[in-house]
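Here's the structure, in structure tokens; my notes come after.
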There are 2 protein chains.
Amino acid sequence: MARRTPTIPEATVARLPIYRRALVELDESSAINVSSERLAEMSGVNAAKVRKDLSYLGSYGTRGVGYDVDYLLFQVSRALGLNNDWPVAIVGSGNLGQALANYRGFTQRGFPVAALIDVDDKKVGATVHGIEVHHVDRLEDLVAELGIAIGIIATPAGAAQAVADRLVEAGIQSVLNFAPVVISVPDGVPLRQVDLATELQILSFYQQRNAASDR
Amino acid sequence: MARRTPTIPEATVARLPIYRRALVELDESSAINVSSERLAEMSGVNAAKVRKDLSYLGSYGTRGVGYDVDYLLFQVSRALGLNNDWPVAIVGSGNLGQALANYRGFTQRGFPVAALIDVDDKKVGATVHGIEVHHVDRLEDLVAELGIAIGIIATPAGAAQAVADRLVEAGIQSVLNFAPVVISVPDGVPLRQVDLATELQILSFYQQRNAASDR
DNA sequence: AGGAGGTTGTGTACAAGTTCACAAAGGTGG
DNA sequence: CCACCTTTGTGAACTTGTACACAACCTCCT
């Protein structure tokens with residue numbers, strides 16, 4: 001039974017990491033407290049939204065003063081489940097996979113890259129930025145042995161669904177898909193899809209519209 | 001003056017690239033037409049939503065039959081402004097910048113990487129996957145000379161805002177930011193922010209909640 | 001002790017997005 | 001040419017998300 005968490009809206013969950021980033025920055029600059037106004041400015045949103053979002057986590061501010069940076073950072077981190085590390089495995093050691101493996105932001109924020117996995121025998125056994133590349137045949141073993149929580153799919157589109165199926169079967173907890181195809185996983189397995197080219201196409205739409213209205 | 005485009009909702013715009021991807025796949029498998037149901041399945045959404053989304057572009061379906069794949073693909077591409085190529089410049093040739101430079105999905109979908117830009121003299125002059133690395137001092141010249149439409153920021157967080165300012169000043173049309181910081185650009189300049197670690201944190205939230213309710 | 005100034009937390013109105021459900025319309029076969 | 005089947009396009013109900021505005025409350029100063 002869920003004790004707290006009286007259902008936090010999806011839109012709010014998606015913003016929590018942004019607030020967290022701002023809080024880390026404030027913490028590093030030795031700020032003691034912060035107002036919703038300032039936090040809103042740093043996060044690029046409206047101050048009322050910040051207050052409403054944070055109120056879903058609990059009542060952690062002080063009227064007339066603001067929020068204690070340290071304490072709020074702790075609470076946001078806890079809400080996001082970042083108390084302990086979540087080891088990730090990256091499937092697909094092409095360019096994107098290797099870049100992701102080397103991205104310090106992951107380890108820094110509690111997502112150590114525990115394994116790189118590929119089908120290509122020529123890549124297996126190599127070490128990319130200190131992470132060994134394993135053969136996809138060992139996927140299930142690796143998930144179990146290394147306690148992998150999250151699978152990151154960085155394969156070509158054609159292989160993505162099969163990889164997702166194997167990850168889920170192996171007991172992975174959630175999936176982040178970079179392959180440019182929609183994949184499906186069972187209900188209850190959190191899934192996020194990121195397509196870099198999609199973002200450019202969205203920009204293309206708006207800039208084209210700007211050009212049209214200037215004409 | 002805008003002739004068509006009776007304002008397409010943001011949520012719809014964000015889905016058009018997904019539909020387009022599905023249509024490309026259908027086209028490659030020589031499908032002639034497709035129902036909203038099938039398209040919905042391939043895109044991971046509800047069929048009614050597909051129909052409503054497509055109806056914002058115009059009335060391109062045939063009742064009782066579905067949509068002509070070729071024609072719909074053309075219309076969606078046109079709505080997204082993908083009739084002509086939009087050259088992009090990637091600022092920051094670290095791991096992410098290099099991976100993006102080598103990502104075939106960009107060029108394939110009409111976003112050729114025309115330049116890589118860095119501050120580090122040691123990197124300038126090198127060629128990464130056939131793309132020359134230029135010094136950031138030449139940013140303004142490059143935007144003008146190469147007709148750069150979109151600037152991709154793949155720098156450390158600290159440099160992102162300054163780079164964005166220079167890109168906008170140089171006349172860029174839109175900005176895609178991968179640096180883990182919120183940046184701001186003038187109204188009218190489309191901006192999208194992608195933070196890879198944010199996605200993992202969102203997953204962390206939901207998988208933690210699952211674990212809590214299983215307890 | 002009391003008032004002034006400031007900031008949170010939230011009820012409420014509003015806007016955006018989603019889903020349902022069905023009339024309208026094209027195609028097909030007798 | 002008409003009945004039947006299929007699938008679109010869309011009005012309308014509903015759900016989710018955003019913004020406003022202000023009471024509640026804290027701190028500090030006199």
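Order of the sequence lines sets the chain letters (A, B, ...), proteins ahead of strands, with each chain counted from 1.
A salt bridge is absent between B/R109 and B/D85: the closest approach of a Lys/Arg side-chain nitrogen to an acidic carboxylate oxygen does not fall below 4.0 angstrom. Ion pairing of A/D27 with A/R20 is absent here, as no side-chain N (NZ or NE/NH1/NH2) approaches a carboxylate O to less than 4.0 Å. In summary, A/E169 and A/R166 do not engage in a salt bridge, as defined by a charged side-chain N under 4.0 Å from a carboxylate O.
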Between the protein and nucleotides 22-25 of chain D, list the N/O to N/O atom pairs that are separated by less than 3.5 angstrom.
| from | atom 1 | to | atom 2 | distance (Å) |
| --- | --- | --- | --- | --- |
| D/dA24 | N3 | A/R63 | NH1 | 2.8 |

Polar atom pairs between nucleotides 12-14 of chain C and protein, under 3.5 Å, N or O only, would you list them?
| from | atom 1 | to | atom 2 | distance (Å) |
| --- | --- | --- | --- | --- |
| C/dT12 | O4 | A/K52 | NZ | 3.2 |

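With values rounded to the nearest 0.5 angstrom, B/L26 atom CG is found 7.0 Å from B/L39 atom CG. Atom CD of B/E41 sits about 8.0 Å away from atom CD of B/E37, to the nearest 0.5 Å. The distance from the OG atom of A/S174 to the CZ atom of A/R192 is 11.0 Å, given to the nearest 0.5 Å. Atom OG of B/S35 is separated from atom CZ of B/R51 by 9.5 Å, given to the nearest 0.5 angstrom.
DNA chain D lies under 4.0 Å from at least one heavy atom of each of the following residues of residues 11-21 of chain A: A/A11, A/R15. Heavy-atom distances under 4.0 Å link DNA chain D to A/N46, A/A48 of residues 29-48 of chain A, given in residue order.
Rounding to whole angstrom units, CG of residue A/D68 and P of D/dC26 are separated by 16 Å. One can place CG of B/L57 at 13 Å from C1' of D/dG9, the figure rounded to the nearest angstrom. Look at CG on A/D53: it is 14 Å from C1' on C/dT8, rounded to the nearest Å. The CD1-C1' distance, from B/I8 to C/dG17, rounds to 15 Å in whole Å. Rounded to a whole Å, the CD atom of A/E10 is 16 Å from the C1' atom of D/dT18. Atoms OH (A/Y60) and C1' (C/dT7) sit 19 Å apart, rounded to a whole Å.
Residues A/S93 and A/Q98 have side chains that never bring a donor and an acceptor to within less than 3.5 angstrom of each other. For the 3.5 Å distance criterion, the side chains of A/D68 and A/N33 fail to qualify, holding no donor opposite an acceptor.
Remark: aromatic rings of A/Y60 and A/Y67 are distant, center separation not under 6.0 Å.
The rotation axes computed at either terminus of the helix from C/dA1-D/dT30 to C/dG30-D/dC1 lie 0° apart, taking five pairs at each end and rounding to 10 degrees.
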Donor-acceptor list for residues 175-187 of chain B side chains, cut-off 3.5 Å, not counting sequence neighbours:
| from | atom 1 | to | atom 2 | distance (Å) |
| --- | --- | --- | --- | --- |
| B/N177 | OD1 | B/A179 | N | 2.9 |
| B/N177 | ND2 | B/A179 | O | 3.3 |
| B/N177 | ND2 | B/V181 | O | 3.0 |
| B/N177 | ND2 | B/Q193 | OE1 | 2.9 |

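Out of C/dG9, C/dG26, D/dT10, the shortest distance to the side chain of B/T62 is found at C/dG26.
Remark: B/E145 CD is packed, more than 12 non-hydrogen atoms of other residues, nucleotides or ligands lying under 6.0 Å away. With a 6.0 Å radius and a threshold of 12 heavy atoms from other residues, nucleotides or ligands, B/Q75 has its CD atom above the threshold. The number of heavy atoms from other shown groups lying within 6.0 Å of CD (A/E25) does not exceed 12. More than 12 heavy atoms of other residues, nucleotides or ligands lie within 6.0 Å of CD in A/E140, so this atom counts as buried by the packing criterion.
Distances shown here put a side-chain N or O of A/S59 below 4.0 Å from the OP1 or OP2 atom of C/dG9. Dashed line: the shortest gap from a side-chain N or O of A/Y56 to OP1 or OP2 of D/dG17 is not under 4.0 Å. Side-chain nitrogen and oxygen atoms of A/Y67 include at least one within less than 4.0 Å of the OP1 or OP2 phosphate oxygen of C/dG9.
Taking the six-membered ring where the residue is Trp, A/F106 and A/Y103 present perpendicular rings, their angle passing 60° and hence far from 30°.
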